[in-house]
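Right, one structure below, let's go through it.
The sequence lines fix the lettering, A, B, ..., with proteins before strands; numbering per chain opens at 1. Side-chain atoms are counted along with the backbone in the values below, which use heavy atoms only and exclude waters and symmetry mates.
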Amino acid sequence: MTDTVPDNYRPEQVEAKWRARWAERGTNQPDLDHAARPFYNLMMFPYPSAEGLHVGNMFAFTGSDVYGRFKRLQGYDVFEPIGYDAFGIHSENYAIKVGLHPAELIPRNIANFRRQLERVGGMFDWRHSLSTTDPSYYKWTQWIFLQLLKAGKAYKKKAAVNWCPFDKTVLANEQVEGGLCERCKTPVEQRFLEQWFFRITDYCDRLLANLDTLDWSDTTRTAQRNWLGRSEGAEITFEVAAAPAAQPPNRPIAGITVFTTRPDTLFGATFMVLAPEHPLVGRLTTPAQAAAVGAYIEAAASKDLVSRKVGDRDKTGVPLGAMAINPVTGHEIPIWIADYVLMEYGTGAIMAVPAHDERDFAFALKYGLEIVRVLAPERVDPASVPGNSAMVAAETDTAGYVLVNSGKFDGRPAEEAKRLITAELAERGQGKPVVQFRLHDWCISRQRYWGPPIPVIYCDSCGPVPVPEKDLPVILPPIEDFRPDDSGISPLARHEEWYYVPCPTCGQRGRRETDVSDTFLDSAWYYLRYPSSEFDDRPFDPARTKKWCPVTTYIGGNEHAVLHLLYSRFLAMVLKDLGHIDFEEPFTRFRAHGLIVKDGSKMSKSRGNVVIPDEYIAQWGADTFRMYLMFLGPLQDGGDFREAGINGPRRFLDRVWLMVTEAEEGGELQKSLVVRWHATKKKAAEDIDGLRYNTAIAALMELVNAMKEAGSRDRAIIADLIVMLAPFAPHFAEECWERLGHTTSVFDARWPAWDEELVVADELEVPVQIGGKTRARIQLLRGSDEATAVAVAKADPTVQKFLEGKTIRKIIYVPDRLLNLVIG
RNA sequence: GCGACCGUGGCGGAAUUGGUAUACGCGCCAGACUUAGGAUCUGGUCCCGCAAGGGGUGUCGGUUCGAGUCCGACCGGUCGCACCA
């Protein structure tokens with residue numbers, strides 16, 4: 001393909017030359033201790049798959065790199081590190097599939113990733129690369145666990161996991177397909193294991209409130225808000241009507257507390273539902289119901305977590321036999337259990353208001369339970385609404401609805417009634433206003449091999465003992481049988497030579513924790529490690545961290561808009577509270593890049609439409625490939641990869657190269673070209689800053705077109721053009737820069753300044769509309785007043801034709817923009 | 001179901017945020033240079049019309065001097081979340 005390029009420009013050689021020179025000169029290595037204007041440009045680090053980076057990854061990395069290079073040209077000391085998120089279930093599953101040990105596979109993949117990342121011309125500071133699988137990294141991941149443990153932010157409790165009874169192993173949610181184990185197709189069950197949790201729920205209010213202060217896109221902030229899921233409501237306590245036989249008389253049940261966002265509908269609560277796991281279930285079950293209840297609980301427990309939550313919505317349930325008392329109506333209502341009520345949310349119990357909740361409505365219809373309507377549109381006469389009405393569907397709106405069948409609250413708007421009823425219950429000691437979050441504590445335990453061992457030792461005398469910091473890292477042992485097998489325990493739990501260690505406190509035989517931690521913990525703090533990656537004795541150096549953190553601009557995928565960003569924010573808050581860092585929001589500015597699609601669908605291995613960039617880069621060169629990707633569409637939208645379009649950027653670079661070789665000291669420049677030149681400097685800068693790379697490139701193309709049209713090879717314009725091109729085509733720009741006679745890197749140059757006065761031409765073409773339709777165009781001096789504009793317009797023959805015999809009723813004049821003559 | 005976003009040429013996409021719709025590029029058509037061209041260069045390229053002119057941004061309606069942009073309804077699509085009380 002080199003024969004299609006001007007024969008003195010060979011991308012392959014030129015790019016190799018500049019890669020070598022950048023490495024030699026340390027061009028991409030800012031002085032981390034003395035930088036005057038630090039700018040931390042971060043890209044989400046990749047998981048090093050065996051396939052290598054695909055075109056979608058390249059799009060994202062290049063997008064981030066363009067931004068970093070642009071900031072550098074603006075005079076910032078840009079730190080742009082890259083690393084590998086190499087622990088976790090993806091890597092482990094792939095290793096299992098191809099029959100290799102992950103410890104063997106991962107370094108190979110990393111080497112390939114690094115080759116690709118260097119080849120595409122990223123401005124990465126390789127001195128500060130890292131992999132989460134490196135003991136010098138996960139030592140500090142374990143250290144962070146210990147800090148949380150010491151601070152009481154880590155705790156252990158029993159929680160459900162997916163369990164395959166055939167493979168006898170724990171499955172991640174993504175390994176469960178339709179309730180079946182993806183490998184052996186056996187129905188998956190729930191098992192309850194002791195697992196480690198982080199108290200992220202202690203930070204709900206801060207995680208929510210801070211969102212308003214962040215320069216993040218609205219979609220990401222909305223996603224975080226939804227995930228946090230704040231809702232205001234009330235807890236209401238229902239008394240139990242009569243002691244059922246199962247309830248020991250010496251331990252009366254004080255009451256059952258429910259959470260509701262709709263206290264206004266309390267009069268319509270005709271039954272109550274508990275989660276099958278609710279602790280009071282046993283004591284509320286009458287002997288007559290015991291068998292049915294027991295069977296139901298067992299059935300619910302054997303459902304896997306995925307289908308329990310997202311599977312069939314068919315409501316099922318069983319009455320316990322006991323009755324509760326509605327605190328406002330005094331009526332006895334039956335207590336049921338049903339698996340549509342989740343133990344993890346609220347109190348694990350609900351008051352069911354079938355008339356005004358879809359789920360309760362469906363449940364009531366199925367089991368013939370009473371439906372009492374307590375809200376009606378405000379126009380309806382409350383007296384006319386029957387107490388027990390046949391409804392077609394639940395009415396769940398509050399706006400425009402008032403209470404009916406609700407005693408003294410009849411006629412009150414629903415929103416007002418929420419407050420009134422809650423207040424009345426509070427007075428009686430039967431309720432209180434409560435704010436609930438959907439977010440749960442973060443379970444970090446994984447019953448897997450490929451992760452950092454959780455640094456805890458269990459001792460019969462001392463209980464769980466943290467591994468002393470001096471003993472970190474707890475090295476992940478290189479065992480061969482890392483695969484899940486039918487022994488039914490975590491891989492590390494098969495190795496007593498590893499897990500039996502003396503208790504750090506008493507010296508007796510202790511047993512290591514054999515679970516590893518979640519990959520999200522690895523990635524929740526990596527940005528802190530990059531600037532300090534060379535220090536062995538501290539996770540992040542205080543001075544370095546102060547200089548470089550928080551991250552100035554973070555770019556990454558939307559798939560991490562919720563969990564990764566939330567966990568990172570949480571951890572920063574904890575580290576700040578513990579005095580380790582002095583900020584609590586790790587990413588000042590975050591933008592999500594779009595996805596590259598191929599033939600209209602998302603690139604994925606399963607669709608078989610993954611495009612590997614290597615061959616394109618080999619054929620066209622990295623610069624052309626980068627330009628092509630960035631020209632596809634706005635970074636935040638992504639684009640459709642079609643090989644055909646790659647011609648455009650290549651031809652463009654060829655033309656620019658030709659111009660560089662023909663550059664000459666300019667004589668007189670056409671005024672229109674000068675305007676285009678200055679306008680381009682401004683527009684390209686603004687567009688790049690807004691990540692609108694596609695229009696920035698278009699502006700550069702327009703400048704080149706204008707030069708061709710004017711027959712100009714002006715050296716000054718060409719030099720500016722090369723600087724503006726440098727973020728997109730870094731090797732090319734360096735070569736041109738050198739050709740223009742410079743001996744230093746183009747990235748030591750500055751983005752060209754523009755003269756605001758020269759950005760707009762002195763003489764403008766202004767459209768003249770007659771009655772809102774464009775009829776003519778007139779030439780006006782910039783800043784002409786209305787009278788002048790009208791006079792010039794009236795002199796125009798076409799305008800005259802349209803005005804003939806008409807009177808001008810109104811004149812709308814937007815200076816330099818448009819003149820509209822409204823005729824009668 | 002809930003939430004967010006989006007519908008512009010043959011295609012990817014522009015449109016100064018209410019002010020010349022289709023910038024830039026791909027593709028296509030014609031021509032030039034060529035033994036040759038999947039290279040390069042020049043010109044053309046929303047639709048109807050010889051022209052004057054008319055129509056046109058998913059559909060229908062509205063606000064406005066003026067709407068791709070704002071409002072309402074509908075049609076179509078993408079992405080999240082999904083029994084959260």
May I ask you to check if A:Lys315 and A:Tyr340 form a cation-pi contact, with NZ or CZ under 6.0 angstrom from the six-membered ring centre and within 45° of the axis? yes
Rounded to whole angstrom units, what separation is found between the CZ atom of A:Phe361 and the P atom of B:A85? 20 Å
NA contact type, A:Arg230, heavy-atom cut-off 4.0 Å: base, sugar-phosphate, or nothing? nothing
If you assign A:Arg438 and A:Val822 each to the RNA chain B nucleotide with the nearest heavy atom, which residue ends up on the more 5' nucleotide? A:Val822
We want to know whether A:Tyr296 and A:Thr316 form a side-chain donor-acceptor pair, criterion being a heavy-atom distance below 3.5 angstrom. yes
I'd like to know if A:Lys418 and A:Glu232 make a salt bridge, using a cut-off of under 4.0 Å between side-chain N and carboxylate O. no
Expressed as a whole number of Å, how far does the C1' atom of B:G56 sit from that of B:G7? 16 Å
Rounded distance in Å between the P positions of B:C33 and B:U22: 34 Å
Tell me which of A:Asp637 and A:Lys810 sits closer to the 5' end of RNA chain B, going by the nucleotide each one is nearest to. A:Asp637
In whole Å, what separates the P atom of B:G80 from that of B:C29? 40 Å
When we call it a touch if two heavy atoms are under 4.0 Å apart, what does A:Gln436 touch: a base, just sugar-phosphate, or nothing? nothing
Go ahead and name the base partner of B:C33; Watson-Crick or wobble counts if both distances stay under 3.5 Å, otherwise write none. none
Phosphate OP1/OP2 of B:C81: any A:Arg225 side-chain N/O under 4.0 Å: no
Answer yes or no for A:Arg438 and A:Trp227: cation-pi contact, defined as NZ/CZ to six-membered ring centre under 6.0 Å and angle to ring axis within 45°. yes
Both distances below 3.5 Å, Watson-Crick or wobble geometry, any strand: find the nucleotide opposite B:U20. none
Pick base, sugar-phosphate or nothing for A:Pro634, based on heavy-atom distances below 4.0 Å to the nucleic acid. sugar-phosphate
Measuring only the C1' atom in each nucleotide, how far is B:G25 from B:G76? A whole number of Å is fine. 28 Å
How many whole angstroms separate atom CG of A:Leu764 from atom C1' of B:U16? 13 Å
Among B:U42, B:A85, B:C24, the one nearest any side-chain atom of A:Lys708 is B:U42
Quantified in whole Å, what is the P atom distance between nucleotide B:C2 and nucleotide B:U20? 38 Å
Among B:G25, B:A23, B:G54, which nucleotide has an atom closest to any side-chain atom of A:Arg775? B:G54
Any base atoms under 4.0 Å from A:Asn558, or only sugar-phosphate, or nothing? Heavy atoms, all strands. nothing
By the 4.0 Å heavy-atom rule, please label A:Gln769 as base, sugar-phosphate, or nothing. base
Side chain of A:Phe802, heavy atoms from C-beta onward: which of B:G53, B:A14, B:A85 has the nearest atom to it? B:G53
Do A:Thr222 and A:Thr219 pair up side chain to side chain, a donor and an acceptor below 3.5 Å, judged on atom types alone? no
Could you check whether A:Lys801 gets within reach of a base, just the sugar-phosphate, or nothing at all, counting any heavy atom under 4.0 Å? sugar-phosphate
Could you please name the option among B:C81, B:A85, B:C24 that lies closest to any side-chain atom of A:Phe631? B:C24
Mind checking A:Leu632 for me? I need base, sugar-phosphate or nothing, with any heavy atom below 4.0 Å counting as a touch. sugar-phosphate
Any N/O donor-acceptor pair, A:Arg817 side-chain to B:U16 base, under 3.5 Å: yes
Across the strands shown, which category fits A:Arg651 at heavy-atom distances under 4.0 angstrom: base, sugar-phosphate, nothing? sugar-phosphate
Judged by whether its glycosidic angle lies within 90° of 0, B:G38 is anti
Scan A:Lys773 against the nucleic acid and name what it touches under 4.0 Å (heavy atoms): base, sugar-phosphate only, or nothing. sugar-phosphate
Give the intermediate values and the outcome of side chain to side chain contact (heavy atoms under 4.5 Å, CB included) for residues A:Trp336 and A:Met272. CA-CA 6 Å; A:Trp336 287 61; A:Met272 175 179 264; over 6 Å; no
With the side chain of A:Arg642 defined as its heavy atoms from C-beta on, choose the nearest nucleotide among B:A23, B:A85, B:G12. B:G12
Give me the distance, rounded to whole Å, that separates B:G3 from B:U57 when you measure between the P atoms they each carry. 29 Å
Distance between P atoms of B:C11 and B:G61 (Å, rounded): 26 Å
Donor-acceptor check, side chain of A:Asp785 to backbone of A:Thr788, threshold 3.5 angstrom: yes or no? yes
Which of these nucleotides, B:C65, B:G13, B:A85, is closest to any side-chain atom of A:Asn694? B:G13
When the P atoms of B:G77 and B:C71 are considered, how many whole Å apart are they? 23 Å
